[in-house]
Amino acid sequence: MAIDRFGRNIHYLRISLTDHCNLRCVYCMPEDMTFRPNQELLQDAEILHLARLFADLGFDKIRLTGGEPTVRAHLVDLVRGIAGTPGIRHLSMTTNGVLLDRLAQPLAQAGLQRVNISIDTLDPAKFRRLTRWGDLDDVLRGIHAAESAGLTPIKLNAVIVRGYNENDVIDLARLTYENPWQVRFIEMMPFAGATELQLKQVVTAAQIHSQIESGLGRLEIVNGGRLDGEARLFRLPGALGEIGFISSVTQPFCAACTRARLTADGRLRLCLLREGEVDLLTPLRA
């Protein structure tokens with residue numbers, strides 16, 4: 001096992017497959033974003049090699065992220081290779097869902113077990129403004145395709161940012177009435193070197209919780225308040241699904257953190273709020 005100096009068993013690896021994305025969300029990147037050349041990023045064989053090494057260290061859970069992981073070439077083959085790595089028991093992906101309508105079934109057949117899908121609003125016009133050119137219907141089709149393919153339980157991630165989508169919370173929460181999904185509201189995490197503007201854009205989990213209760217009624221706590229990963233879960237009366245709150249800023253869960261991150265250019269990073277990284281790609285290629 002990989003035990004850190006705080007006694008935590010670090011066994012969960014998030015692998016960024018690419019820095020590329022097929023959307024340009026206004027709070028994430030500029031519209032004319034320039035991405036890294038592919039040769040500077042981890043290649044398929046390098047990812048599989050590192051996955052085996054991490055599995056040998058006791059890592060048993062991998063989540064594929066980006067950028068947008070579904071834009072990576074040969075994704076299905078890569079998923080198949082990671083899923084077949086001895087010691088890896090859990091394999092999931094975080095995606096914007098745009099390409100899931102055609103990829104969900106092949107990914108499930110290759111060994112992907114579950115997806116988290118990012119969706120910050122259910123208003124088509126606002127979705128297009130937020131993403132600059134995205135189509136909400138693509139994401140909704142992707143959600144249903146993932147559900148049909150068995151990539152469940154479906155978890156929907158909504159990062160709530162003041163000035164962008166704080167008024168969309170109620171509509172998103174209503175999704176849980178008729179769908180067995182987990183809708184998770186995430187406090188925007190300011191990155192290292194956070195600016196005053198970033199901090200002012202944070203909408204706290206407590207504020208989101210209060211807004212939902214004011215609009216839809218009292219939330220019932222689930223699992224006795226124990227965290228499901230990073231989320232504390234609640235349920236609206238009579239709802240099929242659950243509502244989660246990820247309080248990255250106001251109630252950090254560092255003591256229970258079990259994850260490490262591998263960036264698309266092959267750097268090991270232990271925390272989003274710390275700049276420290278270890279270059280794995282250079283010695284790997286040497």
Side-chain angles (χ1 to χ4, degrees), residues 1-17 42 46-66 69 82-94 111-116 153 155 157 159 182 184-194 198-199 202 204-206 208-209 221-234 242-284:
M1 293 191 297
I3 305 296
D4 74 359
R5 63 193 177 98
F6 301 105
R8 300 176 299 183
N9 176 18
I10 309 300
H11 67 99
Y12 174 14
L13 181 65
R14 294 192 174 191
I15 303 176
S16 174
L17 297 184
L42 286 165
E46 292 166 337
I47 290 175
L48 293 173
H49 184 71
L50 288 170
R52 287 192 295 270
L53 291 178
F54 276 98
D56 289 344
L57 289 172
F59 283 72
D60 61 1
K61 180 178 181 180
I62 289 179
R63 173 177 297 280
L64 305 176
T65 68
I82 296 172
T85 301
I88 300 302
R89 297 188 299 161
H90 305 281
L91 180 59
S92 58
M93 176 183 292
T94 296
L112 190 70
Q113 295 165 311
R114 206 180 55 70
V115 289
N116 286 17
K155 295 184 180 181
N157 291 343
V159 178
Q182 188 183 112
R184 312 194 311 169
F185 296 102
I186 304 173
E187 292 178 342
M188 186 188 74
M189 180 182 285
F191 290 98
Q198 278 184 296
L199 295 174
V202 173
T204 69
I208 300 167
H209 187 287
I221 199 161
V222 175
N223 292 337
R226 293 187 300 276
L227 290 178
D228 175 37
E230 312 89 10
R232 184 163 281 106
L233 301 181
F234 295 81
E242 300 165 335
I243 292 173
F245 297 97
I246 299 180
S247 311
S248 313
V249 177
T250 59
Q251 291 182 299
F253 37 84
C254 304
C257 184
T258 60
R259 79 194 63 169
R261 289 175 169 82
L262 185 61
T263 66
D265 59 349
R267 296 177 182 273
L268 182 66
R269 188 167 192 163
L270 297 181
C271 180
L272 284 177
L273 290 177
R274 296 292 180 269
E275 294 285 10
E277 296 177 332
V278 178
D279 178 10
L280 300 186
L281 183 58
T282 299
L284 179 62

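Worth saying up front: this structure is predicted, and the values here are computed from it rather than measured.
In terms of heavy atoms, Ala231 sits closest to Gly244 at CB-CA, 4.3 Å. Thr85 approaches Ala55 most closely through the heavy-atom pair CG2-CB, 4.1 Å. For Ile208 against Phe245, the heavy-atom pair with the smallest separation is CG2-CE2, 3.7 Å. The shortest non-hydrogen separation linking Ala205 to Ser247 is CB-OG, 3.2 Å. In terms of heavy-atom proximity, Pro69 sits nearest to Leu17 at CB-CD1, 3.9 Å.
The side-chain contact (heavy atoms from CB on, under 4.5 Å) test with Met93 singles out one residue from Ile62, Ile15, Thr65, Leu64, and that residue is Leu64.
For Arg8 (side chain) and Cys254 (main-chain N/O), a donor-acceptor pair under 3.5 Å exists by modelled atom type. The backbone N or O of Ser92 lies less than 3.5 Å from no partner atom in the side chain of Gln113, so there is not a single donor-acceptor pair. The backbone N or O of Arg269 sits nowhere less than 3.5 Å from a side-chain atom of Glu277 that would complete a donor-acceptor pair.
A donor-acceptor contact closer than 3.5 angstrom links the side chains of Arg63 and Thr94.
The shortest side-chain heavy-atom distance between Met1 and His11 does not fall under the 4.5 Å cut-off. Side-chain contact between Thr258 and Asn9 is absent, with no heavy-atom pair separated by less than 4.5 Å. Side-chain atoms of Ile88 and Phe54, non-hydrogen and from C-beta on, never get closer than 4.5 Å to each other.
The distance from atom CG of Leu280 to atom OG1 of Thr263, rounded to the nearest 0.5 Å, is 8.0 Å. Rounded to the nearest 0.5 Å, atoms CG (Asp265) and CG (Asp279) are 7.5 Å apart. Note that the CG atom of Leu262 and the CD1 atom of Ile47 stand 7.5 Å from one another [nearest 0.5 Å]. A distance of 10.0 Å separates CD1 in Ile243 from CG in Leu233, rounded to the nearest 0.5 Å. Atom CD of Gln182 sits about 5.5 Å away from atom CD of Glu242, to the nearest 0.5 Å. Atoms OH and NZ, from Tyr12 and Lys61 in turn, are 4.5 Å apart once rounded to the nearest 0.5 Å.
The existence of a salt bridge linking Asp228 and Arg184 is excluded, since no basic side-chain nitrogen approaches an acidic carboxylate oxygen closer than 4.0 Å.
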- [ ] Please report the C-alpha distance between Ile246 and Phe253 in whole Å, then the side-chain angles of each, then the deciding distance to 0.1 Å, and finally whether the side-chain contact (heavy atoms from CB on, under 4.5 Å) criterion is met.
- [x] CA-CA 9 Å; Ile246 299 180; Phe253 37 84; 3.9 Å; yes
- [ ] Given side-chain contact (heavy atoms from CB on, under 4.5 Å), test Arg232 with His209 step by step and report yes or no.
- [x] CA-CA 11 Å; Arg232 184 163 281 106; His209 187 287; over 6 Å; no
- [ ] Go through the steps to decide whether Gln251 and Glu187 satisfy the test side-chain contact (heavy atoms from CB on, under 4.5 Å), and finish with yes or no.
- [x] CA-CA 10 Å; Gln251 291 182 299; Glu187 292 178 342; over 6 Å; no
